[in-house]
Amino acid sequence: MLERINGPEDLKGLNITQLQALAGEIRDFLVRSISETGGHLASNLGVVELTIALLQIFDLTKDKIIWDVGHQSYIHKLLTGRRDAFPTLRQQGGLSGFPKNAESVYDAFDTGHASTAVSAALGIAAARDINNEGFSVIAVVGDGSMTGGLAYEALNNAGQLGSNLIVILNDNGMSISKSVGALSGYLSNLRTKPVYLKAKKGVKGILSKVPGIGRPISGFLDNSKKWLKKMLVGGGLFQNLGFNYIGPLDGHDLPGLIRVLGRVREMEGPILLHVRTIKGKGYALAETAPDNFHGVSAFNINTGLVEPGNHKRGFSDVFGEALTNLAEANEKLVAVTAAMPHGIGLMPFSKAFPKRFFDVGIAESHAVTFCAGLAKQGLVPVFAVYSTFLQRGYDQLIHDVCLQNLHVVLAIDRAGVVGQDGETHQGLFDISYLTHMPNMRVLCPRNGRELEEMLKLAVTDTSGPIAIRYPKDDPDALGGLTHSPVEIGKAERLLTGATGVAVAALGVMANPAYEACTRLNSEGYGVTLYSVRSAKPIDRDMIKALSRSKSVVTVEDNAIRGGFGERVIFEMGLLGMNNPPSVRAMGFPDAFIPHGRRGEIMTEHGLDAEGIYRAVRTEIERHGNK
Ligand SMILES: Cc1ncc(C[n+]2csc(CCOP(=O)(O)OP(=O)(O)O)c2C)c(N)n1
């Protein structure tokens with residue numbers, strides 16, 4: 001049946017039995033397809049029925065569904081004409097793993113970061129009202145994403161505006177790991193509570209108190225009192241925010257979902273439909289270990305094991321082990337994550353020091369200010385966070401951390417190109433958004449050993465905030481090459497050549513740059529290479545030395561705008577020289593970088609050894625250095 005679905009209109013004629021069979025086919029398809037390409041499996045297996053029901057009831061030529069985070073939008077993609085593209089999922093030029101306007105008219109809003117859907121949906125609904133248009137707007141939000149403050153700002157505003165808006169809370173009790181916090185406790189109470197309405201006089205009575213509920217609801221109540229009565233119990237939090245709470249509903253009961261959504265479509269005002277789902281539903285291995293199947297590399301369907309070669313020890317592992325070791329000797333050291341204990345490498349720490357470990361939920365802004373509070377009282381908080389998600393903490397870093405010069409340590413993982421998650425997840429802006437903050441220091445290790453040293457420095461140097469940024473890459477690159485002890489504000493000169501062309505490469509970019517420059521030097525050129533470990537403070541001796549060259553090549557895995565290269569140009573400019581060197585800044589252009597493998601993207605932008613070799617050689621040919 002799946003092969004006959006080429007757009008949402010093809011679903012409309014199917015009866016319940018056919019739709020249920022389709023759900024089974026979709027699960028088979030997803031498991032098979034994702035086992036080959038990798039991707040977000042468990043979240044999608046949980047929303048098969050919900051997606052079918054949504055596409056059955058709503059008219060996507062006008063109605064808008066906004067998938068929070070968007071990692072669970074695979075079925076939506078599958079049923080809106082993109083089935084054949086699944087073998088290309090998350091590959092360069094292929095199907096994106098997240099909703100993309102540019103990919104399909106059925107993708108109403110681009111997402112990737114958590115907790116944005118209600119805000120976006122409310123904005124769309126408010127515009128619809130001003131424009132006198134008529135369509136439904138549905139935000140589908142997971143319980144994990146409901147731990148993000150932005151979601152509550154939106155609920156609060158929605159309750160006030162009273163616009164027609166449907167929020168579907170997809171509650172599987174899981175974020176990537178188990179959902180955390182008091183709100184998750186609240187939801188789990190709602191979820192497990194037997195649902196009766198004995199105490200309430202009548203559903204109509206309740207609804208009539210909710211502003212914006214009109215005739216259509218009364219009509220359907222007469223027909224469906226029984227099930228609705230059951231579902232209107234509880235949800236006090238959402239009711240108090242001005243939402244009409246309905247649920248909890250079994251998210252795998254397709255007829256039930258279709259029936260309720262059909263009614264909900266006719267209701268007025270903000271509605272919160274609470275749907276219980278099972279993450280990983282239908283694939284036993286994912287049901288029992290949904291966290292392992294949240295985002296997976298290619299795996300063996302029978303064993304669930306990742307294909308050999310797909311799991312390598314990374315910087316996150318080095319960080320996690322090093323931090324745990326440091327915490328043995330320093331009882332003030334505490335670790336903070338915003339819902340990413342596995343990905344960020346904090347599992348060993350959380351087991352060794354459960355009392356000094358905080359998972360604050362998907363709440364990066366809060367995490368930063370929480371760390372400021374911890375630091376204020378003399379603890380040494382290490383907030384381990386992906387570069388892209390720390391963007392959420394920009395103001396908190398300035399206002400709560402840097403302004404008071406608090407000793408907060410940021411361990412910024414997934415810096416640079418992340419790869420297959422695409423635009424929303426690339427860590428290409430951290431150098432730009434951190435280095436202009438007064439008091440902030442930013443270190444960039446070239447390999448795992450430098451990361452260990454930097455971490456030790458960062459937790460012991462109490463003079464202010466300090467960030468260490470590292471990518472999803474091999475921490476053992478150029479393992480044989482020894483390095484001098486790391487110093488804050490100092491670069492390391494790896495190669496010394498004639499004064500013509502000098503290369504300054506930031507963090508891990510020093511590895512391909514080293515390969516490129518040793519090749520050039522073996523060809524008889526004399527290129528100087530700096531491994532730049534400190535993006536801020538920048539090494540002024542290095543700047544002076546660079547300024548004596550004819551040409552400087554900077555290499556970074558950050559956006560060039562506001563990045564390291566721009567900084568080198570600026571610092572050399574400050575020296576006020578008559579004949580400053582020309583500068584070629586290599587890095588990422590002023591554009592969003594789509595998904596693909598990290599290596600492929602680096603190559604495409606000339607940021608591998610070959611690309612750097614060619615760029616430096618061009619400079620040599622232009623300026624002479626033989
Ligand atoms: C701001 C932000 N922080 C962290 C993440 C990483 N992340 C992706 S999905 C996810 C868990 C989402 O849980 P939930 O919303 O319940 O969806 P589920 O996968 O359980 O369906 C997290 C933490 C993110 N996408 N955005």
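The first residue in the sequence is number 1, and the count goes up from there. Every number for a ligand or one of its atoms is a count from 1 in the order of the listing. Computed from a predicted structure; not experimentally measured.
Side chain of Thr303 to main chain of Leu305: a donor-acceptor pair is present (N/O by atom type, distance under 3.5 Å, no hydrogens or angles). In this structure a side-chain-to-backbone donor-acceptor pair under 3.5 Å is missing from Ser96 to His595. Between the side chain of Asn44 and the backbone N or O of Tyr74, at least one donor-acceptor pair lies under 3.5 Å. In this structure, Gln426 contributes its side chain and Val418 its backbone to a donor-acceptor pair below 3.5 Å. Using a distance-only test at 3.5 Å, with no hydrogens or angles considered, no donor-acceptor pair links the side chain of Arg414 to the main chain of His425. Judged purely by atom type and a 3.5 angstrom limit, Asp171 has no side-chain atom pairing as donor or acceptor with the backbone of Arg276. The backbone N or O of Ser115 sits less than 3.5 Å from a side-chain atom of Asp68, completing a donor-acceptor pair. Remark: side-chain polar atoms of Ser387 are not paired, donor with acceptor, to backbone N or O of Ile412 under 3.5 angstrom. Panel note: side chain Ser104, backbone Tyr106; a donor-acceptor pair is recorded below 3.5 Å.
Across Gly46, Ala114, Gly280, Ser145, heavy-atom proximity to atom 15 (O) of ligand 1 is greatest for Ser145.
Here the protein heavy atom with the shortest distance to atom 3 (N) of ligand 1 is Glu364 OE2, 2.6 Å. Ser175 OG, 3.4 Å is the protein heavy atom nearest to atom 11 (C) of ligand 1. Atom 21 (O) of ligand 1 has its closest protein heavy atom at Asn172 ND2, 3.3 Å. What sits closest to atom 5 (C) of ligand 1 on the protein, heavy atoms only, is Phe389 CZ, 3.2 Å. Taking atom 23 (C) of ligand 1 as the reference point, the nearest protein heavy-atom neighbour is Ile362 CD1, 3.5 Å. Closest protein heavy atom to atom 10 (C) of ligand 1: Ile176 CG1, 3.6 Å.
Using a non-hydrogen distance threshold of 4.0 Å, Ala338 does not register as a contact of ligand 1. A heavy-atom separation below 4.0 Å is not found between His40 and ligand 1. Gly295 does not count as a contact of ligand 1, since none of its heavy atoms falls under 4.0 Å from the ligand. Using 4.0 Å as the threshold, Met340 has a heavy atom nearer than that to some atom of ligand 1.
Considering backbone and side-chain atoms alike, Ser43 places an N or O below 3.5 Å from some N or O of ligand 1. Residue His113 has no nitrogen or oxygen atom sitting less than 3.5 Å from a nitrogen or oxygen atom of ligand 1, judged on distance alone. Checked by distance only, ligand 1 and His425 stay at 3.5 Å or farther apart across all their nitrogen or oxygen atoms. At under 3.5 Å, a nitrogen or oxygen of Gly144, whether backbone or side chain, sits near a nitrogen or oxygen of ligand 1. Between Gly112 and ligand 1, a contact under 3.5 Å exists for at least one N or O pair. Considering backbone and side-chain N/O of Val69, none are found under 3.5 Å from N/O of ligand 1.
If you number the atoms of ligand 1 from 1 as listed, the ones under 4.0 Å from a heavy atom of Asp143 come out as 16 (O). Within ligand 1, counting atoms from 1 as listed, the ones closer than 4.0 Å to a heavy atom of His294 are 9 (S), 19 (O). The ligand atoms of ligand 1 that sit less than 4.0 angstrom from a heavy atom of Gly142 are 14 (P), 15 (O), 16 (O). Residue-ligand proximity, Arg392 to ligand 1, at heavy-atom distances under 4.0 Å covers atoms 1 (C). Close approach of ligand 1 to Lys279 is summarised as follows: ligand atoms under 4.0 Å from at least one heavy atom of the residue are 18 (P), 19 (O), 20 (O).
Within a 6.0 Å radius of NZ in Lys472, no more than 12 heavy atoms belonging to other residues, nucleotides or ligands are found. With a 6.0 Å radius and a threshold of 12 heavy atoms from other residues, nucleotides or ligands, His436 has its NE2 atom above the threshold.
Checking each of Asp430, Asp413, Val368 against Leu390 for a side chain to side chain contact (heavy atoms under 4.5 Å, CB included) leaves exactly one that passes, namely Val368. Looking at Asp359, Leu346, Ile176 one by one, the single match for side chain to side chain contact (heavy atoms under 4.5 Å, CB included) with Met340 turns out to be Ile176.
Under 4.0 Å from ligand 1, the heavy atoms of His71 that appear belong solely to its side chain. Counting heavy atoms closer than 4.0 Å to ligand 1, residue Met146 contributes nothing at all.
Separation of the His113 and Phe389 ring centroids falls under the 6.0 Å cut-off.
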